[in-house]
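These notes are about the structure you will find just below.
The structure displayed is predicted, hence computed values, not measured ones. Chain naming here is simple, since letters A, B, ... match the order of the sequence lines and numbering starts at 1 in each.
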Amino acid sequence: MAFRACSPNQNQRRSMMTHLNSHLHGFIKLTGNFIITSFLLPSSSRLGLEFSPHSTSLASLLHSTSFSNNGDRPLLSRYQKVTSLDHAFKLFDEMLHTRPLPSVVKFTQLLNAVAKMKHFSSSLHLFKQMCVVGVPVDAYSMNIAIRCCCQMSRTNDGFALLASCFRRAVVPDVCTFNTLLDGLIREDRILEAERLFKKLIKHKSCEPNVVMYSTMIKGLCKFGNNDIAIGLFRLMDERGCKPNTVVYNTIIDSLCKDKLIDDAFNLFKEMVSHKGILPNVITYTSLIHGLCNLCRWDEVSKLLKEMEDLRISPNFQTFSILVDAFCKEGRVDEAEAVIDIMVERSEAPDIVTYNSLIDGYCLRGEMIKARTLLDSLTSKGLIPDVFSYNTMLQGLFRVGRCGEARKLVDEMRSQVLIPNACTYRIILDGLCNNHQVEDVLSLFHLVGDSKLNSDIQVYNILIDGMSKCGKLDIARDLFQDLTLKGLKPNVRTYNVMISGLCREGMPEEAKHLFHKMDESGCPPDNVTYRVLLQGYLITRHYNDVEMLLQEMDGRRYSLDASTLSLLIDKIAVGLLDRSMLKLIGKLVPKELMDTPA
DNA sequence: TTAGGGTTAG
């Protein structure tokens, strides 16, 4: 594998673009073919059944699994078949008047059916009624009630029910504790979740199983602790709890989201080749999503082909992710083709998918198409939401049509769609990008001390916008104001401030701020390093470049195309030492590398 | 009869 960016000349750079384009082109061609062929896959795979390449014949599987409707599957009881809340309440009332009272199992079936319809408070209400009339509740019914609390983000009420378990001599099991653990994680109470998990193991309250480990791993991933999550994953294996597809998927997805795609693929390889665990559509969708985010299109097409070989059919979410990725690249034709296939497969695109398409049109400046689509959503049976309008709004600002953007906001109001915090941020950002400094500031001041302005993201937009409009003094004042407002700068705040300082030729002040980050408990991220490096290079501040590169290597960070290009230019003209190339080579992500001819 | 994994705006 050659390091493409080593040669700085114009031809090489052009060739990199051509190469990338041909990949993209190849991908689209292949994807187009593939999606059509996957639509033609045997109906078994469209039904969501997956086949190992070594499995017994397709026909026998089809026969035994997908079409055997009689006998094998237990019939659902009338309590599990409820279709509406009304129906459930009527049935419950009937049960209360039956003598002797139906068994707790029947009641539990009904509770579960109601919970599955996402009527959590009703399910909980029925549970309480059961207790009142003296149905002897057990761990199953208790677990459903606890789950209802947790799903409504009332995990504390779930713990209160746990206490009542002890009073009622109901023994909580691993499922009870896992539900509570999941509730804590859902409410972002990761420290309490960790404490509970450790306590359960210490007191041997229950033996964690693969679901519980997986819940804890999900929580750790959610809070950016991939390494600790992987540590727990290894520990679980050592303790004799065999990992399965779900646990692998959880970690793979988190690595993909953090752009650690190569680590994700190592894990994927381990899962499939060493452990013999079959990947499924979720595994592939996570990987595809990760690759799309990094624009590694050739590998996306490879994975889609692999799915086809394994007879794993892409599903609604896979398609949705592809539509979104195509739209973000401005490839709306391909996105439209995928949407057509979704319609053919009766996986009707939802509002989210269409929002991506609106975004794609806007990105290409095709505002009429975007507007027509927005207006046609209702006829597709979808109600345009604030999200759709926000997307359109963003597009109008992007092409500099501030007047029309204003009109759209008025239109939202007239449609009783209340602009939300995101609308506000889009307007601020749009006005900044269109250099409407006066308007931005008057809007910001008009909003004043309202909750909308107690938002670090608002400040990030304004600091960035002001410094890009050449108003670094205002940006600095806003940065100072943060602490007075009781807001804490986040990594993005530092990044935009550092970037602004560099833009105005103040690398020393930028460096000072950079050093403050770690001590403020906000360590610099990949972007901080890139921004500072670019600042140093543009302001001809070369002394610290190598040190920054080494630190990046230590933190496993990587270079982006523009920083890389700047570094190479400086080496080419002899302002930076060629010896740095080796270190730079280590920091180039795969998507910027050449592939063998 | 109970618990776990993948898409949405800066």
From CD1 of A:Ile252 over to P of B:dG4, roughly how many Å is that when rounded to an integer?
20 Å

Please tell me which of the listed nucleotides, B:dT1, B:dT7, B:dA9, lies nearest to the side chain of A:Asn420?
B:dA9

Using ring-ring contact (aromatic ring centres under 6.0 Å, His included) as the criterion, list what pairs up with A:Tyr361, not counting sequence neighbours.
none

Can you figure out which of B:dT2, B:dG6, B:dT1 approaches the side chain of A:Val105 most closely?
B:dT1

Are A:Leu487 and A:Tyr459 close enough that some pair of their side-chain heavy atoms sits under 4.5 Å apart?
yes

Let's see if you can work this out: which of B:dA9, B:dG6, B:dT1 has an atom nearest to the side-chain heavy atoms of A:Lys328?
B:dA9

Hey, does the side chain of A:Lys257 come within less than 4.0 Å of B:dT7's phosphate (OP1/OP2), counting only N and O?
yes

Testing A:Leu428, A:Val458, A:Leu452 for side-chain contact (heavy atoms from CB on, under 4.5 Å) with A:Val447, which one passes?
A:Leu452

Considering only heavy side-chain atoms of A:Val174, the closest of B:dA3, B:dT7, B:dG4 is B:dA3

Base, sugar-phosphate or nothing for A:Asp464? Non-hydrogen atoms, less than 4.0 Å.
nothing

Taking any heavy-atom pair under 4.0 Å as a contact, classify A:Asn355: base, sugar-phosphate, or nothing.
nothing

For A:Asn460, answer base if it contacts any base atom (sugar-phosphate contacts may also be present), sugar-phosphate if it contacts only those atoms, and nothing otherwise; contact means non-hydrogen atoms under 4.0 Å.
nothing

About how many Å separate CG of A:Asn143 and SG of A:Cys148, when rounded to the nearest 0.5 Å?
11.0 Å

Pick base, sugar-phosphate or nothing for A:Lys222, based on heavy-atom distances below 4.0 Å to the nucleic acid.
nothing

Rounded interatomic separation in angstrom, taking CG from A:Asp359 and C1' from B:dT8
10 Å

Under 4.0 Å between any heavy atoms, over every strand shown, what does A:Val210 touch: base, sugar-phosphate, or nothing? Just pick one.
base

Does a side-chain N or O from A:Asn178 land closer than 4.0 Å to OP1 or OP2 of B:dG4, or not?
no

How many Å lie between CD1 on A:Ile351 and C1' on B:dT8, as a whole number?
10 Å

Side chain of A:Thr108 only, please: which of B:dG6, B:dA3, B:dT1 is the nearest?
B:dT1

Whole-Å gap separating P (B:dG4) and CZ (A:Phe197):
16 Å

Euclidean distance, atom CD of residue A:Gln151 to atom P of B:dA3 [Å, nearest integer]
9 Å

Please confirm whether the shortest side-chain N or O distance from A:Arg147 to OP1 or OP2 of B:dT2 is below 4.0 Å.
no

What is the distance, to the nearest angstrom, from the CD atom on A:Glu347 to the P atom on B:dT7?
17 Å

Taking all non-hydrogen atoms of both residues into account, name the closest pair between A:Ser356 and A:Val323 and its distance.
CB-CG1, 4.3 Å

Please tell me which of the listed nucleotides, B:dT8, B:dA9, B:dA3, lies nearest to the side chain of A:Thr179?
B:dA3

Just to be sure I understand the rule, does A:Asp385 reach a base, reach only the sugar-phosphate, or reach nothing, if contact means heavy atoms closer than 4.0 Å?
nothing

Could you check how far CD1 of A:Ile251 sits from P of B:dG6, rounded to whole Å?
13 Å

Base, sugar-phosphate, or nothing: which does A:Asn244 touch, judged by heavy atoms less than 4.0 Å apart?
base

For the residue pair A:Phe326 and A:Trp297, categorise the inter-ring angle as parallel (less than 30°), tilted (30 to 60°) or perpendicular (more than 60°).
parallel

When all nucleic acid strands are considered with a 4.0 Å heavy-atom cut-off, which category describes A:Thr353: base, sugar-phosphate, or nothing?
nothing

Verify whether the ring centers belonging to A:Tyr248 and A:Phe233 lie closer than 6.0 Å.
yes

Any base atoms under 4.0 Å from A:Thr245, or only sugar-phosphate, or nothing? Heavy atoms, all strands.
base

How is A:Val323 classified with respect to the nucleic acid when contacts are heavy atoms under 4.0 Å: base, sugar-phosphate, or nothing?
nothing

Which nucleotide in B:dA9, B:dT2, B:dG4 has an atom nearest any side-chain atom of A:Cys422
B:dA9

Considering only B:dT7, B:dT2, B:dA9, which nucleotide approaches the side chain of A:Asp173 most closely?
B:dT2

Between B:dT1, B:dG4, B:dG6, which one does the side chain of A:Gln109 approach most closely?
B:dT1

Of the listed nucleotides B:dG6, B:dG4, B:dT2, the one nearest the side chain of A:Thr215
B:dG4

A:Asn112 CG to B:dT1 P, in whole Å, measures 9 Å

Can a salt bridge be assigned to the pair A:Lys380 and A:Asp350 using a cut-off of 4.0 Å between side-chain N and carboxylate O?
no

Applying a 4.0 Å non-hydrogen cut-off, can you work out what A:Thr250 is touching in the nucleic acid: base, sugar-phosphate, or nothing?
sugar-phosphate

Mark yes or no for a side-chain to base donor-acceptor pair under 3.5 Å between A:Thr285 and B:dG6, with no hydrogen or angle criteria applied.
yes

Please evaluate the base of B:dA3 for a donor-acceptor partner in the side chain of A:Asn209 within a cut-off of under 3.5 Å?
yes

